[in-house]
K.L.:
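First, the structure itself, so that you have it in front of you.
No hydrogens, no waters, no symmetry mates; every other heavy atom, side chains included, goes into these values.
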Amino acid sequence: MADMDHAILLGISNYSSPDFQTLEGPSNDVELFRQWLLDKDGGAVPAENIKFLTSPALDQQPKNDARSWSPTAEQFLNHYDKLTIDENDAYIRREGARLYLYFSGHGFSERNDMSTGAALFVAGASRSRPLNIHGTAFAWEARDLALFDEIVLIMDCCRDSETALRYASPGKNQFVAELAANVRVLAIYGSAKGGKAQERKIAERGDKTGSSHLRV
């Protein structure tokens, strides 16, 4: 039932480093997806089950601590851990539930990654300090631990092929639960590996900027 479903949505438009240009689409795209999740004819997910992280106004970001710009990897992890680990440090199995993970902003793929992996740079990232969230790994982890029956991953970001950058590890113990084979996963990517997600004004959204396409 949808009232058991959960979502974590992350849209990063502003970055502390000039290495990454400002984006218009992520906040718009994440809000549009949030509205679909709330819609009774869409995801029908309760509002309290949707965690929504987007870039605050620039004057609300810390001036002397670029790495702490929001959203941070820690903010995402706090929401994810509350969903997946109980007060006794045991994994939470949400039988019959679906998890939505949505990541939008600048991203990359490791060049030697032979899977469909991708990571999102967090707001405080730079080329010399490539802080990131390996979104694909979190979806795999939730699958392997059978934490949910269904997982929907949307990586609405560029997937520049990088040789010197590495995905950040989710950090949990890795094992495969017996029920993992029954977990269904839908993974959607905003670009092919090595490609860039494109922004454009979308007429049906009142000319708001958004991603031009997603790729399954």
Side-chain angles (χ1 to χ4, degrees), residues 1-14 22-57 70-71 75-80 82-84 92 94-107 116-123 133-143 147-159 183-192 195-216:
M1 296 176 61
D3 60 1
M4 299 169 57
D5 295 347
H6 289 264
I8 306 176
L9 316 179
L10 193 62
I12 304 179
S13 297
N14 301 317
T22 298
L23 300 172
E24 295 183 48
S27 296
N28 294 334
D29 289 338
V30 169
E31 173 59 23
L32 185 69
F33 190 64
R34 186 178 77 92
Q35 292 299 328
W36 179 86
L37 288 173
L38 291 169
D39 195 324
K40 292 182 180 179
D41 295 324
V45 179
E48 61 270 21
N49 289 1
I50 301 174
K51 307 307 178 186
F52 184 65
L53 300 171
T54 57
S55 297
S70 297
Q75 288 171 329
F76 167 79
L77 281 169
N78 285 339
H79 289 307
Y80 181 83
K82 286 178 182 178
L83 277 181
T84 57
I92 301 171
R94 298 182 184 274
E95 185 176 358
R98 177 184 295 170
L99 172 65
Y100 295 92
L101 296 174
Y102 190 110
F103 300 91
S104 186
H106 288 293
T116 56
L120 182 77
F121 290 111
V122 297
I133 300 170
H134 187 188
T136 304
F138 280 96
W140 289 338
E141 177 183 272
R143 174 203 62 193
L147 303 180
F148 293 81
D149 283 356
E150 296 182 346
I151 300 162
V152 176
L153 169 69
I154 301 177
M155 297 296 300
D156 190 7
C157 60
C158 297
R159 296 175 65 201
V183 177
R184 292 184 291 183
V185 180
L186 173 64
I188 302 173
Y189 293 85
S191 63
K196 291 186 176 295
Q198 301 296 320
E199 290 194 327
R200 67 178 176 87
K201 294 186 182 299
I202 301 175
E204 54 267 32
R205 297 192 202 172
D207 282 337
K208 285 187 176 181
T209 300
S211 294
S212 61
H213 66 280
L214 290 172
R215 177 169 302 189
V216 179

K.L.:
Give the C-alpha distance, both sets of side-chain angles, the deciding distance and a yes or no for side-chain contact (heavy atoms from CB on, under 4.5 Å) between H79 and L53.
P.N.:
CA-CA 10 Å; H79 289 307; L53 300 171; 3.9 Å; yes

K.L.:
Minimum heavy-atom separation for I12 and P71, please, with both atom names.
P.N.:
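Looking at all heavy atoms of both residues, the closest pair is CG1-CD, 3.8 Å.
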
K.L.:
For the CD1 atom of I8 and the CD1 atom of I133, what is their distance to the nearest 0.5 Å?
P.N.:
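If we round to the nearest 0.5 Å, I8:CD1 and I133:CD1 are 9.5 Å apart.
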
K.L.:
With distance as the sole test, does R159 use its side chain to make a donor-acceptor pair with the main-chain N or O of G117 at under 3.5 Å?
P.N.:
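Yes.
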
K.L.:
Taking side-chain contact (heavy atoms from CB on, under 4.5 Å) as the criterion, tell me which of L101, V122, L120 meets it with F76.
P.N.:
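Among the candidates, only L101 passes.
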
K.L.:
Say you draw a straight line from NZ of K82 to CG of L77; how long is it, rounded to the nearest 0.5 Å?
P.N.:
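It is 12.0 Å, given to the nearest 0.5 Å.
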
K.L.:
How about CD on E95, more than 12 heavy atoms from neighbouring residues, nucleotides or ligands closer than 6.0 Å, or not?
P.N.:
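At most 12 heavy atoms, drawn from other residues, nucleotides or ligands, come within 6.0 Å of this atom.
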
K.L.:
Can you confirm whether I151 sits close enough to F138 that some side-chain heavy atom of one is under 4.5 Å from a side-chain heavy atom of the other?
P.N.:
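Of all side-chain heavy-atom pairs linking F138 with I151, none is under 4.5 Å.
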
K.L.:
Nearest 0.5 Å please: distance from the CZ atom of R94 over to the CG atom of L99.
P.N.:
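Those atoms lie 9.5 Å apart.
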
K.L.:
Nearest heavy-atom pair of V30 and G11: which atoms, and what distance?
P.N.:
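Closest heavy-atom pair between V30 and G11: CG2-CA, 3.6 Å.
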
K.L.:
Compare every heavy atom of V152 with every heavy atom of R98, then report the nearest pair and how far apart it is.
P.N.:
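That closest heavy-atom pairing would be CD-CG2, 3.9 Å.
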
K.L.:
Working to the nearest 0.5 Å, report the span between OH of Y100 and CD1 of I50.
P.N.:
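Nearest 0.5 Å value for the OH-CD1 distance: 9.0 Å.
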
K.L.:
Passes side-chain contact (heavy atoms from CB on, under 4.5 Å), K51 versus Y80? Steps please.
P.N.:
CA-CA 9 Å; K51 307 307 178 186; Y80 181 83; over 6 Å; no

K.L.:
For the residue pair H134 and A118, what are the closest heavy atoms and their distance?
P.N.:
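Closest approach of H134 to A118, heavy atoms only: CD2-O, 3.2 Å.
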
K.L.:
So, taking the atom named CG in N28 and the one named OG1 in T54, what distance separates them when rounded to the nearest 0.5 Å?
P.N.:
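Going from the CG atom of N28 to the OG1 atom of T54 covers 10.0 Å.
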
K.L.:
Taking C-beta and beyond as the side chain, do L153 and T136 meet within less than 4.5 Å on heavy atoms?
P.N.:
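A side-chain contact exists here, since the closest heavy-atom pair is under 4.5 Å.
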
K.L.:
Rounded at 0.5 Å granularity, tell me how far CG in N49 sits from NE2 in H6.
P.N.:
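Going from CG on N49 over to NE2 on H6, the span is 4.0 Å.
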
K.L.:
Using modelled atom types and a 3.5 Å cut-off, is there a donor and acceptor pairing between side-chain atoms of S104 and backbone atoms of S27?
P.N.:
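Side chain of S104 to backbone of S27, a donor-acceptor pair under 3.5 Å: no, none is there.
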
K.L.:
Return the minimal non-hydrogen interatomic distance between A2 and A44, and the atom names on each side.
P.N.:
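The pair with the smallest heavy-atom distance is CB-O, 3.3 Å.
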
K.L.:
Under 3.5 Å, is there a donor-acceptor pair between the side chain of Y102 and the main chain of F33?
P.N.:
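No: the side chain of Y102 does not pair with the backbone of F33.
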
K.L.:
Kindly give the heavy-atom pair with the smallest separation between C157 and G105, and that separation in Å.
P.N.:
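Taking C157 first and G105 second, the nearest heavy atoms are CB-O, 3.1 Å.
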
